[in-house]
Amino acid sequence: MAKSPEQEHPKKAFGWAARDTSGILSPFKFSRRATGDDDVTFRVLYCGICHSDLHMIKNEWGGTSTYPLVPGHELVGEVTEVGSKVKKVKVGDKVGVGCVVGACHSCENCMNDLEVYCPKMILTDNSFYSDGTLTYGGYSDTMVANERYIIHFPENIPLDASAPLLCAGITVYSPLKYYGLAEPGKHIGVVGLGGLGHLAVKFAKAFGAKVTVISTSISKKDEALEHLGADSFLLSRDQEQVQAAKNTMDGILDTVSAAHSILPLIDLLKSHGKLVLLGVPEKPLELPVFPLLMGRKTVAGSCTGGMKEIQEMVDFAAKHNITADTEIIPMEYVNTAMERLAKGDVRYRFVIDIGNTLAATKP
Ligand code: NAP
Ligand code: ZN
Ligand code: ZN
């Protein structure tokens with residue numbers, strides 16, 4: 001008979017898990033592996049809430065969720081133990097783990113520091129380690145990961161507001177670079193001003209781009225322009241505004257979490273422009289072919305980023321003072337936070353104060 005999550009490994013751990021498709025999270029005792037030679041163990045202090053956590057706890061991606069599901073792939077904390085071969089960090093260092101905790105390390109993608117595109121990639125949450133045990137994410141007190149998957153945070157960077165860089169940050173940084181959009185003077189559209197979107201505005205501005213936010217929420221207009229530094233704001237349901245902006249953008253990052261039409265977005269692109277899909281709606285989107293051909297436009301995708309690029313992005317963020325705008329919440333607020341996230345009611349990322357509030361929820 002399979003061991004219970006509490007007995008599988010030697011290290012006791014505690015977190016919050018969803019048990020079924022209701023997605024409701026509650027206290028959960030489990031275990032983590034001992035610190036191996038190449039491993040880093042850290043005490044989790046903060047963990048961001050990504051919209052992917054919400055998709056996963058509710059099993060919105062075609063039955064891919066396995067319960068009990070401890071979400072969280074934007075976790076940061078302080079190193080408590082390192083294996084004998086670890087070189088990257090030492091006890092006391094500030095570190096984090098993003099979406100990935102394992103890969104084959106020998107395929108073409110792994111050789112090119114693109115572990116996230118490895119066919120054997122292991123996700124931080126809702127995935128399986130090679131020994132068949134479930135991976136549990138950052139809504140928990142401790143984490144153990146191979147040092148390849150550990151990101152080192154410079155001392156001057158606020159950990160709570162930097163946690164969301166580990167997924168939201170890299171997910172927008174990587175396609176800006178890869179698709180040639182991280183250049184001064186490019187006109188970039190950002191669709192959906194949420195966790196990913198608000199960081200997309202900050203990174204694109206830091207690269208010197210002209211940024212237009214394309215949003216369904218007029219209430220976000222002033223913040224987008226005055227606080228986040230966007231150059232213009234397009235209300236997506238205002239046909240006149242959309243019409244006037246046609247054929248003006250070099251690239252668009254689409255971070256929308258729900259089904260929506262991409263035709264108006266393709267129309268906003270100049271010839272040869274690129275629409276990069278980052279959001280993962282529950283249902284497939286329709287692809288309008290004719291407008292793509294007529295402008296030799298590209299519709300593409302991108303998934304977070306490789307470990308080397310995540311470290312590069314964190315260092316870039318530290319240099320340019322880029323952090324997430326966060327609402328810090330106690331652990332016991334997480335179910336309410338999920339309800340609010342589903343309604344788009346967050347400015348712009350919930351981050352759970354694991355270090356100060358998780359232990360109090362132990363039964
Ligand atoms: P979020 O904070 O909820 O932001 C999503 C934004 O999309 C909302 O703030 C809203 O912005 C807009 N939106 C929501 N519903 C919409 C609808 N029906 N029509 C049009 N716009 C809508 O979510 P997030 O954490 O940024 O994540 C966004 C998506 O990216 C999720 O699907 C997530 O799973 C996915 N994701 C992908 C990757 C990757 O590697 N590709 C990584 C992380 C997350 P406005 O109010 O401004 O319209
Ligand atoms: Zn994420
Ligand atoms: Zn590989």
Side-chain angles (χ1 to χ4, degrees), residues 47-58 60-61 71-75 98-100 102-126 137-138 148 163-175 189-201 213-221 223-224 228 230 233-237 253-262 264-265 276-283 285 300-306 310 324-327 337-338 340-350:
C47 187
I49 299 184
C50 178
H51 202 113
S52 301
D53 301 350
L54 182 55
H55 290 303
M56 280 195 275
I57 57 176
K58 290 183 173 285
E60 287 177 353
W61 289 336
H73 52 261
E74 292 182 341
L75 50 156
C99 301
V100 176
C104 82
H105 303 171
S106 58
C107 73
E108 201 179 329
N109 284 320
C110 286
M111 295 310 232
N112 287 310
D113 297 307
L114 293 168
E115 301 87 346
V116 68
Y117 298 113
C118 170
K120 294 188 176 154
M121 183 267 286
I122 301 170
L123 290 169
T124 303
D125 47 0
N126 190 32
R148 182 165 178 152
L165 295 174
L166 292 166
C167 175
I170 188 61
T171 301
V172 297
Y173 178 93
S174 183
V190 173
V191 195
L193 198 60
L196 268 57
H198 90 290
L199 282 170
V201 175
V213 169
I214 304 155
S215 170
T216 59
S217 312
I218 189 69
S219 63
K220 295 178 183 172
K221 181 176 179 178
E223 281 166 11
L228 296 172
F233 183 93
L234 207 56
L235 186 62
S236 45
R237 63 169 176 274
L253 300 188
D254 180 344
T255 75
V256 174
S257 51
H260 60 290
S261 169
I262 58 170
L265 303 177
V276 187
L277 301 177
L278 301 174
V280 194
E282 200 174 345
K283 300 216 169 71
L285 304 180
S302 188
C303 187
T304 61
I310 299 178
D325 291 15
T326 58
E327 180 174 337
M338 289 295 180
R340 286 182 48 196
L341 181 61
K343 290 186 278 188
D345 175 21
V346 52
R347 299 286 197 276
Y348 284 93
R349 197 60 141 190
F350 287 117

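Just follow the structure's listing: the first ligand is 1, and inside any ligand the first atom is 1.
Atoms of ligand 1 found under 4.0 Å from any heavy atom of C167, numbered from 1 in the order shown, are 42 (C), 43 (C). Within ligand 1, counting atoms from 1 as listed, the ones closer than 4.0 Å to a heavy atom of L193 are 9 (O), 11 (O), 45 (P), 47 (O). Those atoms of ligand 1 with a heavy atom of S217 less than 4.0 angstrom away are 45 (P), 46 (O). Contact atoms of ligand 1 toward R349: 24 (P), 25 (O) (distance under 4.0 Å to a heavy atom of the residue). Atoms of ligand 1 lying under 4.0 Å from any heavy atom of G279, numbered from 1 in the order shown and given with element: 29 (C), 30 (O), 32 (O), 35 (C). Which parts of ligand 1 touch T216 is read off a 4.0 Å heavy-atom cut-off, strictly below it: atoms 20 (C), 21 (N), 45 (P), 46 (O), 48 (O).
Taking only non-hydrogen atoms, the option from S219, G194, S302 nearest to atom 4 (O) of ligand 1 is G194. Closest to atom 12 (C) of ligand 1 by heavy atom, among G301, G192, S215, P281, is G192. Atom 10 (C) of ligand 1 has its nearest heavy-atom neighbour, among R237, K220, K221, in K220.
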query: So L75 and T124, side-chain contact (heavy atoms from CB on, under 4.5 Å) or not? Walk me through it.
result: CA-CA 10 Å; L75 50 156; T124 303; 4.1 Å; yes

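The Zn ion (ligand 3) has an N, O or S atom of C104 closer than 2.8 Å. At least one N, O or S atom of C50, from either the backbone or the side chain, sits less than 2.8 Å from the Zn ion (ligand 2). For residue H73, an N/O/S atom approaches the Zn ion (ligand 2) to within less than 2.8 Å.
Regarding atom 21 (N) of ligand 1, its nearest protein heavy-atom neighbour is V256 CG1, 3.4 Å. Among protein heavy atoms, atom 38 (C) of ligand 1 sits closest to T171 CG2, 3.5 Å. When only non-hydrogen protein atoms are considered, atom 5 (C) of ligand 1 lies nearest to T255 O, 3.8 Å. Shortest contact from atom 18 (N) of ligand 1 to any protein heavy atom: A258 CB, 3.4 Å. Among all non-hydrogen protein atoms, the one lying nearest atom 2 (O) of ligand 1 is G195 N, 2.8 Å. Atom 37 (C) of ligand 1 has as its closest protein heavy atom L278 O, 2.9 Å. In this structure, the protein non-hydrogen atom closest to atom 24 (P) of ligand 1 is H51 CB, 3.6 Å. Of the protein's heavy atoms, H55 NE2, 2.8 Å lies nearest to atom 32 (O) of ligand 1.
You'll find the side chain of F350 stays beyond 4.5 Å of the side chain of P164, heavy atoms only. The closest side-chain heavy-atom distance from P71 to M56 is not below 4.5 Å. Using a 4.5 Å heavy-atom threshold, the side chains of D53 and D125 count as touching. R349 has its side chain within reach of C50: a pair of non-hydrogen atoms, C-beta onward, lies under 4.5 Å apart.
Remark: distances from the non-hydrogen atoms of F350 to ligand 1 are all 4.0 Å or more. Under a 4.0 Å heavy-atom criterion, C50 is in contact with ligand 1. Heavy-atom separations between C303 and ligand 1 include at least one value shorter than 4.0 Å.
Between the side chain of E74 and the main chain of A168, a donor-acceptor pair closer than 3.5 Å is present. Between the side chain of D325 and the backbone N or O of Y348 there is no donor-acceptor pair closer than 3.5 Å. A donor-acceptor pair is defined here as one N or O able to donate and one able to accept, closer than 3.5 Å; such a pair exists between the side chain of N109 and the backbone of Y117. Without hydrogens or angle criteria, S174 side chain to I170 main chain gives no donor-acceptor distance under 3.5 Å. A distance-only check finds no donor-acceptor pair linking the side chain of S236 to the backbone of I214 [under 3.5 Å]. Looking at N112, its side chain never comes within 3.5 Å of a backbone N or O of L114 through a donor-acceptor pair. Of the possible polar contacts, one joining the T255 side chain to the G192 backbone as a donor-acceptor pair under 3.5 Å is found. Here the side chain of S215 pairs a donor or acceptor atom with the backbone of S217 at under 3.5 angstrom.
Partner of V116 under the side chain to side chain contact (heavy atoms under 4.5 Å, CB included) criterion, out of I310, L123, T304: T304 alone.
Within the 4.0 Å heavy-atom criterion, both parts of S52, backbone and side chain, lie near ligand 1. Residue-level proximity to ligand 1 for T304 is carried by backbone and side chain together, each with a heavy atom below 4.0 angstrom.
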